[in-house]
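Chain identifiers are assigned alphabetically (A, B, ...) following the order of the sequence lines, protein sequences preceding nucleic acid strands; residue numbering begins at 1 within each chain. For clarity, every value in this text was computed on a predicted model and none was experimentally measured.
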Amino acid sequence: MAGSTQTPETPKTNGLEALLAKITGNGFKLPSNADEAKKLVTNSQVWRSVFRGGVWKNTPRDRAAHIIGNVWLHLHPVRVRPRALKITYSWGMGGISFWLFLLLTISGILLMFYYRPSPDMAYRDMKDLEFAVSYGWFWRNMHRWGAHAMVITVILHMIRVFLTGAYKSPREFNWVIGVVLLSLTLFLSFTGYLLPWDQLALWAVTVGTNMAGATPFLGNEGPFSALLNIRINNDVRFGLLGGTTVGEATLIRFYVLHCVFVPVIAGALLMLHFWRIRKDSFSAAPYSPNEEKVEVWPNLIAREYVAAALTTVAILVWTLLINAPLEEAANPTVTPNPSKAPWYFLGLQELLVYFDPWIAGVLLPNLIIVGLCAIPYIDRNPKGVGYYAWKERPFANTMFLFGVAMWFILIYIGYACRGPAWAWYWPWENWNVHKAPPPATWNIPNLVGGPMMALYFALGIGLPRLIKKELDWRVAIPTTALLSITAGLSLKIFHTLLVNKMDFIAQNIPHFGLGGFVLVSVFLFITIFFGFLMPQRYIREAPFFAIYGPTMTLALLTIGVILKMGARLGFNIKYVFSIPQVNFNI
Amino acid sequence: MPPIIKKLFIWGNLGLVLFLIASVARDESREWKKYQKKFFELEAQELQTKLASSADEEEKHSLEKQIRAKKKAGLEVRQMIVGDLNRIDRCITCHVGMDPLSNPALETPFKENPYRGHPGDFLKTHAPNKYGCTVCHQGQGLATTVKDAHGFVKHWEEPLLKPPFIQASCAKCHANFENIPYAQTAKLGKELFTKNGCYGCHAIKGWGGIISEDLGEIASKPLSRALAGLDLSKTKLSEDQMNIQTYIMLHLTKDPMELVPGDPLGHMGDPISPSGMPPFYLELKEDEAKAIATYLMSMASEKMPHDYYVYAPPKPEPSFDSPAERGKYVYQKYGCAACHGVEAKDGHRNFNAQGPGQDPNAEDQIAQMAKGKEPNLRETAGTFTREELRVKIQNGVPSTDIVKFKADGPTPPLYMPAWKDKIKGQELEDLITYLLSIAKKGEEW
């Protein structure tokens with residue numbers, strides 16, 4: 001195209017041509033059009049030494065070679081099933097999470113050039129990044145917001161994988177690796193939280209690590225620790241902090257964990273994760289007739305690029321609009337009220353209202369991780385692999401989403417509804433207005449509470465199996481609702497009648513208002529629906545030890561959390577079962 | 001390839017380029033640059049006028065050279081690293097005229113901030129490289145935007161000290177600050193602090209009463225601690241405008257009872273009295289309140305190297321002609337005025353103690369409780385014999401002995417401490433003489 005309009009070559013360029021011919025040692029001709037120029041470059045020895053493969057002719061072979069011959073792309077197959085390309089299927093969340101991981105690696109390495117992990121200097125370095133270092137604010141904001149985004153995308157990725165049954169055989173182990181990667185993502189974010197060394201960092205990490213001190217046997221405040229002579233200066237929390245409080249030893253520990261230790265492990269597991277995706281094939285959905293695979297280059301690569309670009313744009317906008325938070329320099333003698341853990345752990349912190357730390361901070365998070373890992377080995381429903389199967393997997397989907405919803409509702413309560421002294425403040429309420437302390441609590445005697453818990457688990461596991469026929473939900477659900485409301489209402493009426501007559505009630509449950517009625521009704525409905533109606537309908541005939549038992553145990557534990565919340569909020573009950581001598585309280 | 005992917009590809013790339021350019025623009029257009037640029041422009045202009053009036057060829061040549069240099073001057077973050085005080089102050093990034101490196105004379109012909117030189121001759125005795133800026137002025141030395149550097153932002157607790165508060169910085173190091181002509185407001189503050197009996201409740205570094213907190217490091221009190229329990233709803237301040245300067249001022253210009261309302265009616269459990277601090281806002285003028293706050297702002301916790309301090313011998317005790325006059329001095333010295341008023345004119349508020357004109361049946365019980373008062377010594381001292389008065393001062397009156405107005409209301413926050421370890425010997429005798437001399441004479445029995 002350019003050749004036709006070009007003027008005839010002047011002697012001067014001929015001179016250059018001659019010179020270049022002399023240098024290259026063979027007949028050299030200057031390109032006369034764009035195609036020739038391109039050819040000149042791509043056929044040059046330098047180009048050919050860098051990029052394998054010949055001239056790009058855009059043949060199927062070329063496109064395949066592009067994937068196989070490129071180290072960065074070769075984890076992809078050459079061709080994938082067209083359904084794997086659909087954004088409505090994959091949500092792109094795994095790829096976006098990985099892109100954020102790369103973005104965080106790059107920004108994190110750049111930040112390391114300006115950051116010294118010492119209490120004297122860390123906070124000052126943050127100020128330098130914001131005010132004096134060129135693009136310091138840019139990389140710090142990007143790192144901070146990218147980290148938050150990655151926590152969200154990894155969780156969304158897990159939800160998507162669950163809903164499409166993509167963890168089922170032969171991908172069980174890859175799901176387990178995914179769960180570990182999710183935990184590592186949270187731990188990476190948590191260790192990074194401390195590094196700015198401001199009040200937000202110090203106290204969020206103090207809240208988070210205090211939970212470790214509640215580990216049974218190994219934490220100085222955990223149950224049974226006295227038996228092993230565990231003290232504040234030799235328990236697991238001490239090992240994590242390098243001291244009895246968050247201090248300079250903690251900062252260097254978290255720095256190494258954040259910058260080297262955890263990323264290396266996460267990176268290794270990522271390789272394994274991707275390798276297994278590839279080896280176990282991308283999608284196990286049933287083949288449709290005449291389904292033909294499509295080429296990864298350019299179909300999948302283009303989508304991956306677009307997803308990465310749009311993610312980056314979103315992070316850039318976030319970076320430009322909002323600066324990463326930085327509060328006062330860390331001061332171990334000034335405790336903010338309230339002190340909150342990082343947002344993704346706020347659900348667990350909220351649970352501290354209802355449970356001792358060894359349950360809320362240690363047992364439950366570990367149960368969640370173990371429970372998640374166990375899912376592919378419990379859920380052996382062969383249907384619903386590789387597609388959304390609301391009709392074929394109603395039980396699995398509902399129970400999983402119920403757990404996810406609970407996790408996020410608790411986070412929302414902890415994040416938005418808790419003010420000074422962890423009192424309940426609606427998001428629009430002023431924290432300066434003082435709230436009355438919560439009513440005094442009481443314990444259910446062990447001789448009552450113990451059998452109550454045993455009964456709960458026995459009935460919870462037994463009842464759904466006892467009734468052999470399928471219940472008609474058009475009757476069962478309104479009945480449950482009516483039952484729940486009646487129970488709430490009658491409790492309200494009993495309370496009004498008896499509060500002035502029985503000292504026990506006047507003392508322990510002085511108030512039971514409209515809130516109590518709603519709470520009891522809703523929580524009771526949830527309990528019956530998820531604890532009885534769902535399993536009764538869907539898994540009553542499942543093998544007891546392999547499927548039914550483990551499933552019901554996890555479900556009853558989850559519902560138990562709600563019941564304990566109701567007991568505390570509605571009836572001021574602190575413990576259902578308590579052995580104070582060894583700190584064992586439920 | 002579906003068209004939506006192609007579209008997103010274009011828009012995604014466009015967005016990337018656009019926002020990366022925006023990021024570059026944001027970083028390139030940092031706020032301090034315009035001030036530094038303007039400074040060199042002003043300097044160039046100044047030289048230009050000199051050039052116009054110059055006749056000497058050689059001088060002209062030199063001026064032109066200087067103008068070119070000013071116009072080409074590179075913009076950079078400028079900072080003073082003050083190792084002794086562990087500070088890095090970047091104030092001179094905008095206040096270029098005060099940069100001892102580029103402008104050793106530290107003077108500029110410009111009148112306006114940030115282009116002017118440092119007023120007064122302070123820098124002659126306080127070399128910038130030894131003191132920096134923030135040790136006197138406060139503010140955020142590491143910051144390079146106006147708002148952040150001046151420090152009136154959330155999470156920076158030491159904003160710029162404006163006049164007269166800046167005088168507090170003299171008193172931080174100069175023990176003899178009362179003799180410094182620039183620190184006369186701080187001096188007045190110290191006098192008012194004594195005169196109004198603040199020492200009666202507040203000690204300063206251990207010297208003074210124990211009824212309320214020691215103010216020895218009040219200027220460095222963490223804001224979150226200061227704000228805990230404070231109700232700002234009746235002031236027009238938002239939490240962002242809060243700092244220790246305003247915190248101290250509020251206590252002197254507003255009713256402390258409104259700031260710390262407590263829970264006198266016991267809505268949340270046991271009744272809690274509001275702040276016991278008397279309503280000094282009724283007696284202090286705005287200027288006087290500022291003076292006291294200025295004095296208190298010198299009470300910072302920061303320890304400086306010893307050669308930054310100017311020591312002064314302690315003031316000798318004044319001498320008096322009569323025991324009653326010395327007694328009056330003792331009354332002031334130990335802060336009796338805090339409760340019993342300046343020169344014992346009248347007692348101050350003591351919430352839920354008995355006081356004149358209280359109506360147990362009135363609607364607003366809080367207002368009635370607020371009428372509780374400390375005794376008026378001019379009225380009551382005369383009803384004691386000398387011996388009784390001595391015992392009273394020595395043993396004090398614990399809170400449990402104060403008769404409440406409302407029996408189930410909160411314990412009155414103020415009480416008379418036992419003075420026997422502090423006021424003794426001749427001081428005690430003279431104090432009694434003073435009190436009896438001003439007391440209303442009762443009927444002779």
Show, in sequence, the C-alpha distance, side-chain angles and deciding distance for B/Met80 and B/Cys133, and conclude whether the side chain to side chain contact (heavy atoms under 4.5 Å, CB included) test is met.
CA-CA 9 Å; B/Met80 283 185 282; B/Cys133 313; 3.5 Å; yes
What option among [options] has the most heavy-atom pairs under 4.5 Å with chain B?
| options | result |
| --- | --- |
| A/Thr319, A/Asn299, A/Thr312 | A/Asn299 |
| A/Val317, A/Leu85, A/Val294, A/Asp198 | A/Val317 |
| A/Ala309, A/Pro420, A/Pro325 | A/Ala309 |
| A/Thr333, A/Asn337, A/Thr335 | A/Thr333 |

Honestly, the part of A/Ile87 sitting under 4.5 Å from a heavy atom of chain B is neither
When the 4.5 angstrom heavy-atom criterion is applied to A/Phe138 and chain B, the contacting part is side chain
Within residues 90-100 of chain A, contacts to chain B at heavy-atom distances under 4.5 Å involve none
With chain B as the partner chain, list the residues of residues 113-126 of chain A whose heavy atoms fall under 4.5 Å from it, by residue number, and write 'none' if nothing qualifies.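 Near chain B, by residue number: A/Tyr123, A/Arg124.
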Show your working on side chain to side chain contact (heavy atoms under 4.5 Å, CB included) between B/Gln140 and B/Lys147 and close with a plain yes or no.
CA-CA 9 Å; B/Gln140 190 175 184; B/Lys147 202 161 180 263; over 6 Å; no
Hey, could you give me the CZ/CD distance between A/Arg140 and A/Glu130, rounded to the nearest 0.5 Å?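 A/Arg140 atom CZ to A/Glu130 atom CD measures 7.0 Å (nearest 0.5 Å).
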- Message: Once rounded to the nearest 0.5 Å, what's the spacing between atom CD of A/Glu328 and atom CG of A/Leu202?
- Response: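 It is 12.0 Å, given to the nearest 0.5 Å.
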**Message:** Can you confirm whether the side chains of A/Trp137 and B/Asp27 place a donor and an acceptor under 3.5 Å from each other?
**Reply:** yes
What are the two closest heavy atoms between [X] and [Y], and how far apart are they?
| X | Y | result |
| --- | --- | --- |
| A/Val207 | A/Ala341 | CG1-CB, 3.9 Å |
| B/Arg90 | B/Thr144 | CD-CG2, 3.9 Å |
| A/Pro342 | A/Tyr193 | CB-CE1, 3.6 Å |

Max heavy-atom pairs within cutoff under 4.5 Å with chain A, candidates B/Asn13, B/Asp263, B/Leu230, goes to B/Asn13
Max heavy-atom pairs within cutoff under 4.5 Å with chain A, candidates B/Thr93, B/Asp231, B/Asp148, goes to B/Asp148
Which class fits the ring pair [X] and [Y]: parallel under 30°, tilted 30 to 60°, perpendicular over 60°?
| X | Y | answer |
| --- | --- | --- |
| B/His95 | B/His150 | tilted |
| A/Trp424 | A/Trp426 | perpendicular |
| B/Phe9 | A/Tyr305 | tilted |

Which atoms of [X] come close to chain A, meaning under 4.5 Å heavy atom to heavy atom: side chain ones, backbone ones, both, or neither?
| X | result |
| --- | --- |
| B/Leu18 | neither |
| B/Asn86 | both |
| B/Gln79 | neither |
| B/Ser23 | both |

Should the pair B/Lys303 and B/Tyr308 be classed as cation-pi, given the thresholds of under 6.0 Å to the six-membered ring centre and 45° from the axis?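 Output no; distance or angle outside limits.
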Output, in order, the C-alpha distance, side-chain angles, deciding distance and verdict of side chain to side chain contact (heavy atoms under 4.5 Å, CB included) for B/Leu265 and B/Lys406.
CA-CA 10 Å; B/Leu265 298 178; B/Lys406 201 173 163 227; 4.0 Å; yes
Q.
According to salt bridge (charged side-chain N to carboxylate O under 4.0 Å, His left out), does anything in residues 424-437 of chain A pair up with another residue at least two apart or in another chain? List the pairs.
A.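 Output for this query lists A/Glu429-A/Lys435.
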*Starting from the C-alpha separation in whole Å, work towards a yes-or-no answer on salt bridge (charged side-chain N to carboxylate O under 4.0 Å, His left out) for B/Glu302 and B/Arg87.*
CA-CA 12 Å; B/Glu302 187 182 4; B/Arg87 279 160 198 271; 2.5 Å; yes
Among residues 28-40 of chain B, residues within the sub-4.5 Å heavy-atom range of chain A, in order of number, are B/Glu28, B/Arg30
Does any N or O in the side chain of [X] come within less than 3.5 Å of the main-chain N or O of [Y], such that one atom is a donor and the other an acceptor?
| X | Y | result |
| --- | --- | --- |
| A/Trp145 | A/Ile322 | yes |
| B/Arg26 | A/Leu320 | yes |
| A/Arg144 | A/Ala324 | no |

inquiry  = salt bridge (charged side-chain N to carboxylate O under 4.0 Å, His left out) for A/Glu291 and A/Arg83? Distances and angles first, verdict last.
reply    = CA-CA 10 Å; A/Glu291 184 179 319; A/Arg83 54 181 303 112; 5.7 Å; no
